[in-house]
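Below is one structure, written out as structure tokens, with a few remarks after it.
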Amino acid sequence: MIPSTTTPLLVTWPRTSPLASFGEKAGPAPALAAWIRVHLTYWWRHRRRLSIDRPRRFTEFVQRRKLIDRDPRIPLMIDKVGVKPFVANVLGADWVTPPSGRARYCLASSPFPPRSS
């Protein structure tokens with residue numbers, strides 16, 4: 001069954017799951033195109049159906065989080081270059097390791113405008 005795009009979902013995890021303590025409440029269900037893309041990609045990579053309703057494998061939990069958990073902090077936190085100013089602001093500059101290799105070049109000459117908070 002394809003989830004509706006207007007009604008919010010309440011995600012409940014089994015009590016034995018490590019994710020049960022988060023009490024994740026999802027926002028609106030994912031768009032149909034994203035739902036189809038994730039399912040087809042999962043089928044192509046793993047050769048089995050994706051179980052979003054009752055995930056058992058770690059990969060199914062990851063796909064569920066990609067589709068349902070729309071926390072706006074996630075894109076910022078997974079970018080290792082972009083999270084450095086955030087960590088420096090929250091914890092202090094002592095906690096940030098200096099960039100090395102290409103990251104040093106990327107920080108010096110980024111073709112993109114800085115992100116707005």
For a quick test of reading the model, state the closest non-hydrogen atom pair linking [X] to [Y] and the distance between them.
X: L76; Y: V83; answer: O-CB, 3.7 Å
X: K84; Y: V96; answer: O-CG2, 3.7 Å
X: E60; Y: Y42; answer: CG-OH, 3.4 Å
X: R64; Y: D53; answer: NH1-O, 3.5 Å
X: F86; Y: M77; answer: CE2-CE, 3.0 Å

State yes or no: do [X] and [Y] share one hydrophobic cluster built from I, L, V, M, F, W and Y residues joined by side-chain heavy-atom distances below 4.5 Å, directly or via other members?
X: F61; Y: I74; result: no
X: V90; Y: V87; result: yes
X: L67; Y: W43; result: no

Review point. Roughly how far, to the nearest 0.5 Å, is the CZ atom of R57 from the CZ atom of R48?
Key: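 The CZ atom of R48 sits 4.0 Å away from the CZ atom of R57.
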Review point. Say you draw a straight line from CD1 of I68 to CD1 of I52; how long is it, rounded to the nearest 0.5 Å?
Key: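 Reported value, rounded in 0.5 Å steps: 6.0 Å.
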Review point. How far apart are the C-alpha atoms of W35 and H39, what are their side-chain angles, what is the distance that settles it, and do they pass the ring-ring contact (aromatic ring centres under 6.0 Å, His included) test?
Key: CA-CA 6 Å; W35 191 86; H39 275 76; 4.0 Å; yes
Review point. Should F58 and V62 be marked as a side-chain contact (heavy atoms from CB on, under 4.5 Å) after you check the CA-CA gap, both sets of side-chain angles, and the distance that decides it?
Key: CA-CA 6 Å; F58 176 74; V62 170; 3.6 Å; yes
